[in-house]
Q: 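So that we are looking at the same thing, I have put the structure below in structure tokens.
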Amino acid sequence: MDKANRSKILIVDDSELNRSLLSDMLCGDFDIIEAENGHEAVTILHERELEISLVLLDIVMPVMDGFEVLSVMNNKGWIKTIPVIMISAESSGTYIDRAYNLGAIDYISRPFDERTVKHRVVSNYLLTIKQKEMSEFLSAQMFEKEKDNSLMIEILSHIVEFRNGESGMHVLHVHTLTDMLLRKLMEKTDKYPLSQKEIRMICNASALHDIGKISIPSEVLNKPGRFTPEEFEIMKKHTVEGANMLQDVPFRSNEELIKYGYQICRWHHERYDGKGYPDGLKGDEIPIAAQVVSVADVYDALTSKRVYKDAYSHDEAIKMILKGECGTFNPLLLDCLKELGDRISDELQVVSFGSASDNAIRDTVEQMIKSDAPDVSARSIRLLEYERMKFDYLADISREVVFEYVAMPEMLKLPEWGAKNFGVPVKIYDPSKNPVWTKVFSEKDFADFLAKLNATTPENPVATGRYLFRIGEERKWNKVIAKTIWTDDEKKFEGAIGKFVDVNDEMEAYESLEQKADCDSFTGLLHYIPACKRISTILEESAGTRRYALAMFDLDNFKRANDTYGHLFGNEILKEVANRIKSNIRSSDIAVRMGGDEFVLFMEYKDSVEPLIKRIFSRLTKPYKDFDVSVSMGIACTEDGLVGFEDLFKRADTAMYAIKRGSKNSYLFYHDGLKDQLEEAGSAREHNDDTHQLPKV
């Protein structure tokens with residue numbers, strides 16, 4: 001070992017001869033510190049904890065024995081970072097077991113054998129060094145991953161604040177004050193038991209509290225001055241819209257971040273006396289996460305300048321909140337607010353995006369390391385969990401499947417939802433020849449892409465290609481983008497990381513002039529005749545083995561829009577509805593403009609189609625400017641024994657007209673009780689009545 005930078009070993013033994021023998025054996029590789037009893041050893045450890053690399057500890061000693069030293073090291077936390085090897089003439093199994101149970105990593109019996117002592121000391125020392133390096137490496141990785149997670153949420157929230165005409169610091173202030181209130185609340189009461197992880201998760205989720213404002217019209221969102229009652233009702237919808245956005249994230253609804261985000265988005269405007277919105281929850285019916293963010297949000301809104309008001313001082317804001325001028329809050333939280341006092345304004349004055357996030361994340365990582373330092377595998381699992389959450393969430397909203405390719409031995413790794421989407425395992429060994437993979441990404445195409453990877457260089461490491469994938473029974477175009485990873489000497493690439501991007505959407509579907517001709521130039525949706533042909537072909541090829549639904553709807557009050565606001569406004573409504581359709585359907589769904597204000601949707605489903613219909617219907621029926629968009633929708637499903645387009649069309653048409661004759665602005669699935677109306681509609685068509693005419697395919 002390097003004598004200029006040698007590590008120190010503490011030898012603890014009441015026999016001077018034993019200390020001398022051990023010192024002679026090890027002084028060639030280590031600097032030696034000696035203690036003649038346990039009390040002296042604890043004093044040295046207290047003063048020089050960071051210098052000691054390893055302890056050789058006798059059991060039977062005066063003043064304080066070896067077991068007592070181990071107990072102190074456990075209480076002080078030293079045992080987590082300083083390895084201990086017991087040295088003793090005691091060979092009883094009881095002694096040995098007790099030493100190991102108290103944290104010793106090895107046990108050497110006297111008389112000493114020099115080679116054995118040196119080998120076991122050096123081996124355990126090197127093992128400890130490796131563990132420390134791994135711990136530091138994981139700490140750094142955890143910091144970066146936590147930082148990336150926080151950054152992702154901050155970016156999204158900053159976009160919301162930017163659209164709202166507010167400073168992005170609002171997000172950071174709410175995050176900081178939420179953290180302060182939660183920690184003060186934990187000091188005051190055990191009524192709301194929250195772990196450090198849950199506190200961190202709530203603080204991160206607080207950044208999402210106003211994402212529903214994305215759906216609010218700009219003229220309302222950024223209006224200077226007081227809202228009219230109608231405008232306030234529109235603004236209040238941001239709570240429900242934000243919650244729905246999170247609830248609708250595919251595959252992620254059970255994640256803690258999503259759960260806390262949902263609670264905060266939906267209920268941060270509820271009030272403790274039940275006079276808030278949207279659900280009028282009262283007291284502890286309101287989740288504590290939403291209660292805390294509510295106080296933080298109100299405080300920062302009061303102390304920040306807005307288009308409709310100047311900023312209040314810290315003292316004025318606290319008085320207004322405590323007097324109930326901004327609604328009623330949990331008395332415990334008001335006590336926390338009072339006790340924090342000027343600390344709030346002091347913290348918010350110095351906080352910044354970089355420093356606040358970095359400091360909070362470093363504190364989080366340090367707490368995790370201190371509470372669980374020796375458990376490297378548990379921390380690794382948490383690290384992987386955060387990584388999976390981040391990549392899965394980004395992939396969910398971008399339709400991208402991230403992958404990792406290892407060249408030797410050849411292996412392809414996919415995220416869980418991506419593997420499920422492709423119908424393959426998460427890990428695919430020897431993918432170039434594996435039929436599970438080459439069924440999706442043909443052997444010829446995959447070989448072509450590997451050739452592109454091999455043709456990259458460290459200076460130009462990116463390879464791209466566009467290939468036709470077979471996913472289930474469908475064929476979809478995917479763009480493949482990857483960046484190669486090279487060996488240290490940059491002579492050979494070790495693998496690659498990249499993503500598969502589904503481009504089988506409008507961009508791909510409408511590339512040719514012939515395909516463009518199939519679309520309605522006004523709305524961008526398919527014309528009904530080519531759409532009907534596609535639907536008929538799909539139904540024939542599936543032969544009843546897959547489930548499909550056909551939804552038909554029109555606008556209930558479209559004539560009133562034209563008569564009241566003019567035909568140009570009517571055209572705006574049609575385009576808006578078409579855009580809402582395109583924004584809320586999948587690339588595999590078929591959207592059709594029948595003509596006028598009549599539309600058709602055709603979609604595949606597995607277990608139940610109603611959640612999909614409900615989501616689309618709720619998106620379609622949002623107000624547009626001052627106009628209430630009202631839709632009557634009828635749905636027919638192939639699971640009712642229908643396999644032909646004509647039957648589906650007639651039944652959806654009948655269900656839609658049953659709605660129009662009733663309450664309107666709703667949807668209805670065709671059922672046997674509508675048979676008489678179906679026959680009447682069929683008869684009316686034969687006599688050229690004004691009901692829908694079935695298109696000729």
Q: For Tyr657 and Asp554, what are the C-alpha separation, side-chain angles and deciding distance, and is it a side chain to side chain donor-acceptor pair (under 3.5 Å)?
A: CA-CA 10 Å; Tyr657 268 86; Asp554 66 9; 4.8 Å; no
Q: Take Ile581 and Arg619, measure what side chain to side chain contact (heavy atoms under 4.5 Å, CB included) needs, and give me the verdict at the end.
A: CA-CA 8 Å; Ile581 292 171; Arg619 298 294 192 271; over 6 Å; no
Q: Testing the basics here: between Gly596 and Leu574, what is the closest heavy-atom pair and its distance to 0.1 Å?
A: O-CD2, 3.6 Å
Q: Less than 4.5 Å apart, side chain to side chain, heavy atoms only: is that true for Leu246 and Cys265?
A: yes
Q: Go through the structure and list residues passing side-chain contact (heavy atoms from CB on, under 4.5 Å) with Met603, not counting sequence neighbours.
A: Ala549, Arg586, Asp589, Leu601, Val609, Leu612, Ile613, Ile616
Q: Which distance, rounded to the nearest 0.5 Å, do you find between the NZ of Lys259 and the CD1 of Ile202?
A: 13.0 Å
Q: Determine whether Asn330 and Tyr192 make a side-chain contact, defined as any pair of heavy atoms from C-beta on separated by less than 4.5 Å.
A: yes
Q: Is a salt bridge present between Asp647 and Arg651, judged by a nitrogen-to-oxygen distance below 4.0 Å?
A: no
Q: Can we say Lys275 and Glu270 salt-bridge, meaning some charged N sits less than 4.0 Å from an Asp/Glu carboxylate O?
A: no
Q: Please step through side chain to side chain contact (heavy atoms under 4.5 Å, CB included) for the pair Met552 and Phe649, ending with a clear verdict.
A: CA-CA 8 Å; Met552 180 182 296; Phe649 184 93; 3.3 Å; yes
Q: I want to know whether His209 and His238 have ring centres closer than 6.0 Å.
A: no
Q: Between Arg547 and Asp607, is there a salt bridge with N-O shorter than 4.0 Å?
A: no
Q: Indicate yes or no: does Glu474 engage Arg470 in a salt bridge with an N to O separation below 4.0 Å.
A: no
Q: Is it true that a side-chain atom of Thr564 and a backbone atom of Ala561 form a donor plus acceptor pair closer than 3.5 Å?
A: no
Q: Run the salt-bridge test on Asp273 and Lys282 with the 4.0 Å N-O cut-off and return the result as yes or no.
A: no
Q: Using side chain to side chain contact (heavy atoms under 4.5 Å, CB included) as the criterion, point out the one residue from Leu525, Leu620, Val592 that pairs with Phe599.
A: Leu525
Q: Using only atom types and a distance under 3.5 Å, with no angle test, would you say the side chain of Arg271 pairs donor to acceptor with the backbone of Gly280?
A: no
Q: Can Tyr565 and Asp626 be said to form a side chain to side chain donor-acceptor pair (under 3.5 Å), step by step?
A: CA-CA 10 Å; Tyr565 301 99; Asp626 294 328; 5.9 Å; no
Q: Hey, do the aromatic rings of Tyr605 and Tyr548 have their centres closer than 6.0 Å?
A: no
Q: Minimum heavy-atom separation for Thr303 to Ala311, with atom names?
A: O-CB, 3.4 Å
Q: Can you tell me how far the CD1 atom of Ile258 sits from the CE atom of Met201, to the nearest 0.5 Å?
A: 10.0 Å
Q: Before accepting this row, confirm whether a basic side-chain N of the pair Glu604/Arg546 lies closer than 4.0 Å to the acidic partner's carboxylate O.
A: yes
Q: May I ask you to check whether over 12 heavy atoms, not counting those of Tyr312, lie within 6.0 Å of atom OH?
A: no
Q: Determine yes or no for a side-chain-to-main-chain donor-acceptor pair under 3.5 angstrom, with Gln291 supplying the side chain and Ile286 the backbone.
A: yes
Q: Inspect the contact between Glu572 and Lys625 and indicate whether a charged nitrogen and a carboxylate oxygen are less than 4.0 angstrom apart.
A: yes
Q: Provide the closest heavy-atom pair for Ser632 versus Asn665 in the form atom of the first, atom of the second, distance.
A: OG-N, 3.6 Å
Q: Within the 4.5 Å heavy-atom criterion, are Phe553 and Tyr667 side-chain neighbours or not?
A: no
Q: Sequence neighbours left out, what passes side-chain contact (heavy atoms from CB on, under 4.5 Å) with Ser608? Give chain and number order.
A: Glu610, Pro611
Q: In the structure I gave you, are the side-chain heavy atoms of Ser630 and Leu555 within less than 4.5 Å of one another anywhere?
A: no
Q: Any side-chain heavy atom of Val600 within less than 4.5 Å of one from Ile590?
A: no
Q: Quick check on the 6.0 Å ring-centre criterion: do Phe329 and Tyr272 meet it?
A: no
Q: What do the steps show when you test Phe645 against Leu550 for side chain to side chain contact (heavy atoms under 4.5 Å, CB included), and what is the final call?
A: CA-CA 9 Å; Phe645 172 73; Leu550 188 143; 3.7 Å; yes
Q: Do His527 side-chain atoms and Ile529 backbone N/O form a donor-acceptor pair below 3.5 Å?
A: no
Q: Between His170 and Val174, is a side chain to side chain contact (heavy atoms under 4.5 Å, CB included) present by the stated rule, with each step listed?
A: CA-CA 6 Å; His170 175 65; Val174 170; 3.6 Å; yes
Q: For residues Tyr670 and Ile635, determine if any side-chain heavy atom of one lies less than 4.5 Å from a side-chain heavy atom of the other.
A: no
Q: Between Glu540 and Thr537 (side chain of the first, backbone of the second, donor and acceptor by atom type, cut-off under 3.5 Å), is there such a pair?
A: no
Q: Quick one, Lys479 and Lys499 - any side-chain contact, counting heavy atoms below 4.5 Å?
A: no
Q: Within the distance-only criterion (no hydrogens, no angle test), does the side chain of Ser215 pair as donor or acceptor with the backbone N or O of Gly212 below 3.5 angstrom?
A: yes
Q: Distance-only, no hydrogens or angles: does the Arg266 side chain make a donor-acceptor pair with backbone N or O of Pro278 under 3.5 Å?
A: no
Q: Go through the side-chain N and O atoms of Asn244 and Tyr262 and say whether any donor and acceptor fall under 3.5 Å apart.
A: no
Q: Rounded to the nearest 0.5 Å, what separation is found between the NE2 atom of His671 and the SG atom of Cys637?
A: 12.5 Å
Q: Might you point out which heavy atoms bring Pro287 and Gln263 nearest each other, and give the distance in Å?
A: CB-OE1, 3.3 Å
Q: With a 4.5 Å limit on heavy-atom distance, are the side chains of Phe522 and Arg593 in contact?
A: yes
Q: Which value, rounded to the nearest 0.5 Å, describes the distance between Met245 atom CE and Ile214 atom CD1?
A: 5.0 Å
Q: Quick check: closest heavy atoms across Ser206 and Val293, and the distance to 0.1 Å?
A: CB-CG2, 3.7 Å
Q: Look at the side chain of Asn478 and the backbone N and O of Arg466, then say whether any donor-acceptor pair between them is shorter than 3.5 Å.
A: no
Q: With a 6.0 Å cut-off on the ring centroids, do Phe469 and Phe500 count as close?
A: yes
Q: Nearest 0.5 Å, what's the CD-CG distance between Glu256 and Asn204?
A: 11.5 Å
Q: Can you tell me if Lys582 uses its side chain to pair, donor with acceptor, with the backbone of Thr523 under 3.5 Å?
A: yes
Q: May I ask you to say whether Asp597 pairs ionically with Lys559, meaning some side-chain N is under 4.0 Å from a carboxylate O?
A: no
Q: Which heavy atom of Ile659 sits nearest a heavy atom of Ser666, and at what distance?
A: CG2-O, 3.8 Å
Q: Less than 4.0 angstrom from a charged side-chain N to a carboxylate O is my criterion; do Glu646 and Lys650 meet it?
A: yes
Q: Determine whether a donor-acceptor pair (N or O, by modelled atom type, separation under 3.5 Å) exists between the side chain of Ser536 and the backbone of Lys533.
A: no
